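First comes the structure, then the notes that go with it.
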Amino acid sequence: MAPVTIPVLAINGQTASGKTAVAVAVAQLLESDGIRAEIVNADSMLVYRGMDIGTAKPTLEERGGVPHHLIDIMDVTRGATVADFQVLARGAIAELRARGVVPILAGGSALYVHAILDEIDFPGTDAALRARLEAELDQVGPAALHERLAALSPLAAAGILPGNARRTVRALEVIELTGSYTSTLPGWSHAVGDVLQFGLEVPRDVLDARIEARVHQMWADGFVDEVRGLVDLGLREGRTAWRALGYRQVLAFLDGELTQGEALQATIAGTRRFSRKQMGWFRRDPRIQWLVAGELNAETLASAVRDRVLLGS
RNA sequence: GGCAGGUUGCCCGAGUGGCCAAAGGGAGCGGUCUGUAAAACCGUCGGCAACGCCUACGUAGGUUCGAACCCUACACCUGCCA
């Protein structure tokens, strides 16, 4: 078999931009050309089993027979991390390529996408050390810890705001583990070869309307019951899952802190804000080619992949 | 019908004579980011020709050098009595 080029197609975009549907459509178009493609998820919350309605996880029907990777791979009690995800996603991409299948990386978690595609090495972690630092944080507060960080590494401290306890703790952890810590992300340089990056752009007002409709639909589809069920499975015990957009608001409702209507509105507002943040992140990546979301997106992306595959063969 | 309380900026909510364009929270807007990232943190947040001016604390008037804060009337909402 002649060696052919297998590009990675990355489809980025805000939540509710339609990237999932486009990714599936692209895979199906390629399939009809005799090019196999499968989807690798790059949405942080889709990894959790049982978190379906609130994450707008594509149903089997919506997946249209296209295999999806890194969806439903862990329980809500576990804390997903970028570092884990990086390893898993790169593994999936390599495995697909080895099989001659085009990986379509679809998702809206910008840090995850960055970590998968670009050269970023995450220093390790140590549970005991982390626990100690967090206990200390409770004692002395974030400002004191930040001061200590500043004494150990002025540079690292400069990149972290004093109020940000989370990042301060991690910086101290890494310094203790490795001796130094870098508080700035590396630039844009692919660690995975041959990547085509596209972004779907949706006008703000259109996206906002979609988000609102989508959240209402989640409620209608039984989102609150989904959360109730997950609570029994330990949703509150995890470190990450319960903070997911919508889930946190429903939990607040179940705890009596919000009315159900307030929880719904807060979810809409939170999702809207999240979409802004996503955009801010993706916009900075100069390699992304932006497409106005619309009918022809799948065609455009499929032909970009096709061209690349044929060129390489 | 009577008595008591309330009406504050986009929303909620402090303020009860000057230090009030008015605490705080939310929303909105903008930003930061190397193992929680759908997270965490930060800034901004009445208007303008902007070290000043204008508009603003239910409406209209009054007291005062000075009022969101005091008085009067009116409107609407709320609790108790009938």
Side-chain angles (χ1 to χ4, degrees), chain A residues 14-16 41-48 51 54-57 74 76-88 107-116 118-127 129-130 133-134 137 142-143 145-146 153 155-175 177-178 180-187 191 204 208 211 214-215 218 237-252 257-259 261-263 265-284:
Chain A
Q14 295 157 290
T15 183
N41 160 248
D43 262 323
S44 61
M45 297 300 161
L46 257 40
V47 299
Y48 290 111
M51 290 175 70
T55 59
K57 186 179 289 170
M74 55 177 81
V76 293
T77 49
R78 276 196 55 195
T81 71
V82 214
D84 292 339
F85 206 90
Q86 179 188 52
V87 172
L88 293 170
S109 299
L111 178 63
Y112 280 29
V113 173
H114 195 194
I116 294 161
D118 294 313
E119 288 178 37
I120 301 181
D121 292 315
F122 296 99
T125 186
D126 181 296
L129 174 55
R130 180 76 71 93
L133 286 167
E134 283 175 349
L137 171 66
L145 276 193
H146 192 269
S153 169
L155 203 63
I160 299 173
L161 289 162
N164 200 333
R166 192 113 104 212
R167 294 194 62 219
T168 303
V169 165
R170 161 97 275 236
L172 287 170
E173 178 192 20
V174 174
I175 286 176
L177 251 31
T178 71
S180 68
Y181 178 80
T182 313
S183 57
T184 49
L185 279 163
R204 196 173 270 210
D208 286 352
I211 287 171
R214 182 152 109 174
V215 172
M218 286 175 182
E237 293 156 33
R239 189 158 229 211
T240 311
W242 69 269
R243 294 177 199 267
L245 253 172
Y247 292 83
R248 168 184 284 193
Q249 285 78 3
V250 171
L251 286 172
E257 290 161 18
L258 297 177
T259 65
E262 286 167 344
Q265 289 307 321
T267 300
I268 292 172
T271 306
R272 198 187 295 135
R273 192 166 346 105
F274 171 53
S275 74
R276 307 285 192 283
K277 306 271 177 214
Q278 288 178 298
M279 220 31 182
W281 204 297
F282 288 135
R283 232 178 240 309
R284 255 172 282 150

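All values reported here derive from a predicted model rather than from experimental measurement. Chain letters run A, B, ... following the sequence lines, proteins first, then strands; residues in each count from 1.
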**Message:** Taking 4.0 Å as the cut-off, does a side-chain nitrogen or oxygen of Tyr247(A) come that near to OP1 or OP2 on A38(B)?
**Reply:** no
**Message:** Less than 4.0 angstrom between a side-chain N/O of Arg204(A) and OP1 or OP2 of C29(B), yes or no?
**Reply:** yes
**Prompt:** Is the phosphate of U36(B), meaning OP1 or OP2, less than 4.0 Å from a side-chain N or O of Arg170(A)?
**Reply:** no
**Request:** Could you tell me whether the phosphate oxygens of A37(B), OP1 or OP2, come under 4.0 Å of any side-chain nitrogen or oxygen in Arg243(A)?
**Result:** no
**Asked** Does a side-chain N or O from Arg284(A) land closer than 4.0 Å to OP1 or OP2 of U32(B), or not?
**Response** yes
**Message:** If you assign each of Thr55(A) and Leu161(A) to its closest nucleotide in RNA chain B, which residue comes earlier from the 5' end?
**Reply:** Thr55(A)
**Item:** Separation of A40(B) P from His146(A) NE2 (nearest whole Å)
**Value:** 18 Å
**Message:** If the glycosidic angle sits within 90 degrees of zero it is syn, else anti. Tell me which applies to C51(B).
**Reply:** syn
**Request:** Return no unless some side-chain N or O of Ser109(A) is found under 4.0 Å from OP1 or OP2 of A38(B).
**Result:** yes
**Asked** At under 4.0 Å between heavy atoms, what does Ala80(A) touch on the DNA or RNA strands: base, sugar-phosphate, or nothing?
**Response** sugar-phosphate
**Prompt:** Is the cationic atom of Arg284(A) (NZ for Lys, CZ for Arg) positioned less than 6.0 Å from the six-membered ring centroid of Trp281(A) and within 45 degrees of its normal?
**Reply:** yes
**Prompt:** If you look at every strand shown and take non-hydrogen atoms under 4.0 Å, does Leu46(A) touch a base, only sugar-phosphate, or nothing?
**Reply:** base
**Message:** Is the phosphate of A38(B) approached by Arg248(A) (side-chain N or O, under 4.0 Å from OP1 or OP2)?
**Reply:** no
**Asked** Roughly how many Å is it from CD in Gln265(A) to P in C11(B), rounded to a whole number?
**Response** 15 Å
